[in-house]
Peer 1: 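Attaching a single structure in structure tokens format; questions to follow.
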Amino acid sequence: MNKPYNNTKATLALAKASFRSITRSPSAVVFTLAFPLIFILVFGFLGGGGVKLDLAVAPGSDMQNPVIIALQHTSVIHLITDQSEVELQQRLEKGTIAAVIDVHKNIVEQPAYLANVKYTSASMDKGNILKSILNNLMYTLNTKDLKPSVAELKESTVHGRTYRTIDFILPGQLGFSLLSTGVFGTAFVFFSLRQTLVIKRFFATPVKRSSIILGEGLARIGFALIGALFIILIGHFFFHFTLIHGVTTVINMLLLSTIGVIVFMGFGFVVSGIAKSESTIPPISNIITLPQFLLSGTFFSIENFPNWLQPISRALPLTYLNDAMRQVAFEGAGLWDVKQQILIMVIWGIGIYAVAVKVFKWE
């Protein structure tokens, strides 16, 4: 009596074979590990960067005064005006803003306004730059046309964790790696399997179609997670990337990575389905990946983009993966705390896989 065919074993065998082929692919290694590590090394050693200084205006602060108006016209300052005192205190302690300023009219005759500025020890490098800008601004306001003093500056500091450039850059590069693996890896492999008639040969065996996709998917997820773990550990041990809850944070980041790469594989299935030849895969894939690399907060905060561009950035799935990664790593958020980001990625996944089913070809 013949035993029934075991599709589980077939799935695992396909996954093992596919994983081996991925590790032997130079392009897979370059996009998954080499490029992200190069950027991490550059930003890790050079730090800094050209991002704007986030300065929050305290709730209840007078907005129609010379100090705030002058700050609005200072190109390196990004004013935040829509957050509560609790939110601002949390952001100060985490170092995600440089300071909070509260400007109000003086009850005595001179100066006309008092400006209280609260800095954070978690981002002293940006705080020192901001201090210099504010002191120069106050000097200009108070000496212009020999008028009486306009404002007096008072300063204090809130203590918190140091927010390094690597804490922003590494999650973005991790997202870069996962998107590259999901789109380029999946598109090239399934197109090649179809063109070389490998899939057609599978149809002559008892292997189910779902086993083929699941096996290839498991291989890519496994490779992506190994790459993600490698990137996280390099960032932590060599550049002091913050893992606020240690191993628990790493596990949460890997779970987010799994969700991310599954969603991005859907884009790869779409590309492999609509590509007419292997030479058309790179341009189609770049149409999908490049806007996300550039607009999803991979290298710079989307708050630094023009107002008309920010809604586009917030519509992209990589934006929510990057945001969730940063919250989990630095702020200590759990997966439930980033449920909104996960939900949006899942919605993207449902939509893109619906398209993939329509355009995917087996032969």
Side-chain angles (χ1 to χ4, degrees), residues 47-160 162-163 165 168 294-295 297 299-314 319 323 326:
V51 298
K52 289 187 177 181
L53 299 175
D54 289 327
L55 175 61
V57 180
S61 174
D62 186 305
M63 297 296 294
Q64 303 301 320
N65 63 79
V67 179
I68 297 296
I69 293 173
L71 288 170
Q72 289 173 339
H73 291 86
T74 303
S75 60
V76 296
I77 299 292
H78 173 239
L79 285 181
I80 299 172
T81 60
D82 58 351
Q83 295 191 344
S84 67
E85 290 185 8
V86 173
E87 290 173 320
L88 294 180
Q89 182 67 22
Q90 290 175 345
R91 293 193 65 179
L92 275 177
E93 293 173 355
K94 295 168 184 174
T96 57
I97 56 175
V100 174
I101 187 170
D102 181 9
V103 184
H104 55 273
K105 290 184 177 180
N106 194 2
I107 58 175
V108 298
E109 185 176 351
Q110 294 296 335
Y113 294 91
L114 296 176
N116 295 309
V117 183
K118 188 182 295 184
Y119 297 95
T120 171
S121 65
S123 187
M124 289 304 296
D125 52 343
K126 293 182 180 180
N128 291 330
I129 297 172
L130 182 59
K131 283 183 182 181
S132 177
I133 293 172
L134 289 175
N135 285 328
N136 289 335
L137 185 146
M138 290 297 179
Y139 177 80
T140 302
L141 290 176
N142 290 331
T143 59
K144 189 176 181 180
D145 299 328
L146 300 178
K147 292 179 180 179
S149 295
V150 173
E152 178 183 345
L153 186 64
K154 297 183 178 181
E155 300 174 333
S156 61
T157 301
V158 172
H159 295 282
T162 301
Y163 187 72
T165 303
F168 181 86
L294 298 176
L295 302 178
F299 301 99
F300 308 102
S301 171
I302 63 175
E303 293 178 351
N304 296 323
F305 296 158
N307 290 335
W308 62 268
L309 192 57
Q310 291 186 22
I312 299 175
S313 298
R314 292 192 173 94
T319 298
D323 184 47
R326 291 181 179 119

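Every heavy atom of this structure was used, including side-chain atoms; hydrogens, water molecules and symmetry mates were not.
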Peer 1: With rounding to the nearest 0.5 Å, note down the distance linking CG in L134 to OG1 in T74.
Peer 2: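 Nearest 0.5 Å value for the CG-OG1 distance: 8.5 Å.
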Peer 1: Could you grab the distance from atom CD1 of I97 to atom NE2 of H78, nearest 0.5 Å is fine?
Peer 2: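 I97 CD1 to H78 NE2: 11.5 Å, rounded to 0.5 Å.
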Peer 1: Nearest 0.5 Å, please: how far is CE in M63 from CD in Q72?
Peer 2: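 Q72 CD to M63 CE: 5.5 Å, rounded to 0.5 Å.
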Peer 1: If I compare all heavy atoms of L294 with all of F305, which pair ends up nearest, and what's the gap?
Peer 2: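 Closest heavy-atom pair between L294 and F305: O-CZ, 3.5 Å.
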Peer 1: Side chains of D62 and H104: donor-acceptor distance under 3.5 Å anywhere?
Peer 2: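 No, no side-chain donor-acceptor pair sits under 3.5 Å.
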Peer 1: Is a side-chain N or O of E85 found less than 3.5 angstrom from the main chain of P59, in a donor-acceptor match?
Peer 2: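 No: the side chain of E85 does not pair with the backbone of P59.
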Peer 1: Go through the side-chain N and O atoms of E93 and Q89 and say whether any donor and acceptor fall under 3.5 Å apart.
Peer 2: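 Their side chains do contain a donor-acceptor pair, which is all the 3.5 Å distance test asks for.
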Peer 1: Which atoms form the tightest heavy-atom contact between I302 and G297, and what is the distance?
Peer 2: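 Between these two residues, the closest heavy atoms are CG2-N, 3.6 Å.
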Peer 1: Shortest non-hydrogen contact from V117 to A99?
Peer 2: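 Shortest heavy-atom contact: CG1-CB, 3.9 Å.
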Peer 1: Are side-chain heavy atoms of V100 and I80 found at a separation under 4.5 Å?
Peer 2: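 Counting from C-beta outward, V100 and I80 never come under 4.5 Å.
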Peer 1: Side chains of S61 and T81: does their closest heavy-atom pair fall under 4.5 Å?
Peer 2: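 No - every pair of side-chain heavy atoms lies 4.5 Å or more apart.
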Peer 1: When rounded to the nearest 0.5 angstrom, what distance separates CG in D102 from CD1 in I68?
Peer 2: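 Going from CG on D102 over to CD1 on I68, the span is 8.5 Å.
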Peer 1: Between V67 and N65, what is the shortest heavy-atom contact and its length?
Peer 2: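 Between these two residues, the closest heavy atoms are N-OD1, 3.0 Å.
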Peer 1: How close do A58 and L88 get, counting heavy atoms only, and between which atoms?
Peer 2: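 Here A58 and L88 meet closest at CA-CD1, 4.2 Å.
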Peer 1: Could you grab the distance from atom CG of D54 to atom CZ of R91, nearest 0.5 Å is fine?
Peer 2: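 Reported value, rounded in 0.5 Å steps: 6.0 Å.
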